[in-house]
There are 2 protein chains.
Amino acid sequence: MLSFSEENYLKAIYHIEQLQTEGASTNTVAKKMQTKASSVTDMLQKLADKRLVVYKKYQGALLSAKGKKIAASVIRKHRLWETFLVNKLNFSWDEVHDIAEQLEHIKSEKLIDSLDAFLEFPRVDPHGDPIPDKDGNMTKQKKVMLSTLKENQQSKLVTIKDSSDNFLRYLDKKQIAIGNTIKVIAIEPFDKSIQVQIEGREFMITEEVAENLLVEIPSLTLPKVKRTN
Amino acid sequence: MLSFSEENYLKAIYHIEQLQTEGASTNTVAKKMQTKASSVTDMLQKLADKRLVVYKKYQGALLSAKGKKIAASVIRKHRLWETFLVNKLNFSWDEVHDIAEQLEHIKSEKLIDSLDAFLEFPRVDPHGDPIPDKDGNMTKQKKVMLSTLKENQQSKLVTIKDSSDNFLRYLDKKQIAIGNTIKVIAIEPFDKSIQVQIEGREFMITEEVAENLLVEIPSLTLPKVKRTN
DNA sequence: TAAAAAATTTAGTCTTGTCTAAAAATATTT
DNA sequence: AAATATTTTTAGACAAGACTAAATTTTTTA
Ligand SMILES: [Mn+2]
Ligand SMILES: [Mn+2]
Ligand SMILES: [Mn+2]
Ligand SMILES: [Mn+2]
C-alpha cells in the first residue's frame, strides 16, 4: 500500500514524462511537487527500491511499467472525482481540483469502478482531460493550440493548457466551454490577438488566451477545386 | 488542520463517551484504536494542548466543546459517505465501513454539504445510525434491545448494535432491514430464543441476535379497560 | 579544457506517530 | 493497611517525510 506522498510523486513524474522524452530530473520533480531537491532524491531512491521507477544517480528517474500503472490509476481517480463533483454535485470546474487531490488517494477499486459506472463512463474530465481506463490506458488526444490556426479555420475546443482558477473563471465569464466550436475570423498581425467566433458569438481574445486553448487538429480545408477524377 | 490520526482519536473518544458517563480511559481508547496505551497518552497530551480534550493524568480524557464538534463532523462525514455508497453506488451495507473510514477525512465543508443535499438530507445512515447535522447535533434515538420486549409486543427496527460484516450478512440472509416491523410471537424460556414475525414472515432468532437488534421503545400496550370518565 | 555555475546528492536535524521496556500511580485483594 | 495487580505514564528508539547546509557531480561558459 503506497502512501499519499509516494502516489503524488509517481503522478508528478508521469506528468513530467508526458512533456519530455527523457526521465524526470530531480529539480523538475521538486518544482512540480513544491518541495526541495533533497526530498526528491530521498523519494526517488525509495521508489527505485520498490521498483516503481528506474533511477540513476544524477540522471533523474523514469517510471517502470508498474509505476506507470499506479500513476495512471491515481490520475483516473482524480479525474473521475472531478467529474463527479461537477456533474453530480454541481461544483464549478475551478473548485474541484483541490478536493480531487484528496479524493484521488482513497483506496478501493470497487469504489472507483462503481463511480465510473455511476457517471456513465465519461471519457474526459471537466477540463477536457482524458480519463484513463481500468488498465491505465488513456487515449492521447491529438490537439493543437488555437493560436496555430490560420484565418477561417475552425475546430473544437478539447482541453486547456493552463488550469488555474483565474483562467477557468475567465473562460466562464466569456462563456467558453469544452466542446465549443471555435472559428478564427481574423488575426491581428500587430499583437497576434484573434477575432474568434465561438458558438455564434464573435469577440476578441489575446494571443496568451489562444495559446492555452487546445483544439482538435482541424481537417485540412481543401481549396475548392474541381476534381478531374 | 487536524491529521487523520487526531480525527480518529477524537471520534473514538466521542464513541466511548456515548457509552459511559466518565471520561475515556487511556486503556479504553487504546482498545478502540487498536494501539498501545503509551501511544494514547502521547496523543491525549497533544489533544489537550490543542484544547480538544480535557485531560488529567491518570484520569482519562473528556472532549471539550470544540473537540466534540470536530468528532461529530467526522462522524457526519462517515455516515453521509456510507449513505452515498449504499444509495447511489449500490454497495451493500457490509461493504461501506472501511471505505467511509477513509472518506471521513476529506476536508471540504462545501463537499459534505453538497453531498448531504445530493442525498436529500438523510437522517440516518444505512445501519440506522443518526447523521449529525452541520452543527454537530444529533437526535439521540431512544431504543431498546429486541430481547427486552415481552410476548406480543411489537416495534420497529431502528439500528443494530453489532456492525460486523458477519452480522450484517446474517441480516441480509434473513431479509431483516432497518425500518422493518418486528413482533415478538413467543419467547422460549429454556434458551431465550424468540419466535418473531418480521414484515409478515415468521421465524426464530437466538437471544444473541435479539440483543443486537435495537428497536423503538414500544408504546405501552394498555390493558383494554373501560375508562370511567 | 579549465573555471564557474547549476544540479544533485549526502549528512544531519526535526516532527509526527508509533513501539517496547521500565517506572510510577491507582485499584483491588488479602 | 499492606501486598498485589492493574492501569497509566515516562523514557528512549524507530520509520516516514520533510528541511538546511555542505559536499559532490554534471553542465555551461570562457
Ligand atoms: Mn485536477
Ligand atoms: Mn482535471
Ligand atoms: Mn461505519
Ligand atoms: Mn454506519
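Protein chains get the first letters and strands the later ones, always in sequence-line order, with residue 1 at the start of each.
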Residues Glu7(A), Lys107(A): salt bridge by 4.0 Å N-O rule | yes

What is the nucleic acid contact for Tyr9(A), judged by heavy atoms within less than 4.0 Å: base, sugar-phosphate only, or nothing?
-> sugar-phosphate

So, is Asn27(B) near the phosphate of dT8(D), with a side-chain N or O under 4.0 Å from OP1 or OP2?
-> yes

Please list, for nucleotides 9-12 of chain C, all pairs of protein and nucleotide N/O atoms separated by less than 3.5 Å.
| from | atom 1 | to | atom 2 | distance (Å) |
| --- | --- | --- | --- | --- |
| dT9(C) | OP1 | Tyr55(A) | OH | 2.2 |
| dT9(C) | OP1 | Tyr58(A) | N | 2.8 |
| dT9(C) | OP2 | Thr26(A) | OG1 | 2.8 |
| dT9(C) | OP2 | Thr41(A) | OG1 | 2.8 |
| dT9(C) | OP2 | Tyr55(A) | OH | 3.4 |
| dT10(C) | OP1 | Lys57(A) | NZ | 2.6 |
| dT10(C) | OP2 | Gln45(A) | NE2 | 2.8 |

Provide, to the nearest angstrom, the distance between the CG atom belonging to Leu47(B) and the P atom belonging to dT9(D).
-> 13 Å

Sequence neighbours excluded, which residues qualify as side-chain hydrogen bond (donor to acceptor under 3.5 Å, both in side chains) partners of Ser25(B)?
-> Thr28(B)

CZ of Phe4(A) versus C1' of dT16(C): gap in Å, rounded?
-> 15 Å

Lys/Arg N to Asp/Glu carboxylate O, Arg76(B) vs Glu104(B), below 4.0 Å = no

Send over the distance from Met43(B) CE to dT9(D) C1', rounded to a whole Å.
-> 16 Å

Taking the six-membered ring for Trp, are the ring centroids of Phe84(B) and Phe84(A) within less than 6.0 Å of each other?
-> yes

Could you check how far NZ of Lys31(B) sits from C1' of dT7(D), rounded to whole Å?
-> 10 Å

Nearest whole angstrom, please: distance from the P of dT15(C) to the CG of Leu2(B).
-> 19 Å

What about the rings of His78(A) and His97(A), do their centers lie closer together than 6.0 Å?
-> yes

Residue pairs fulfilling ring-ring contact (aromatic ring centres under 6.0 Å, His included) with at least one residue in residues 15-64 of chain B, sequence neighbours excluded | none

Interatomic distance, Glu6(A) CD vs dA15(D) P [rounded to whole Å] = 15 Å

Phosphate OP1/OP2 of dT20(D): any Lys36(A) side-chain N/O under 4.0 Å = yes

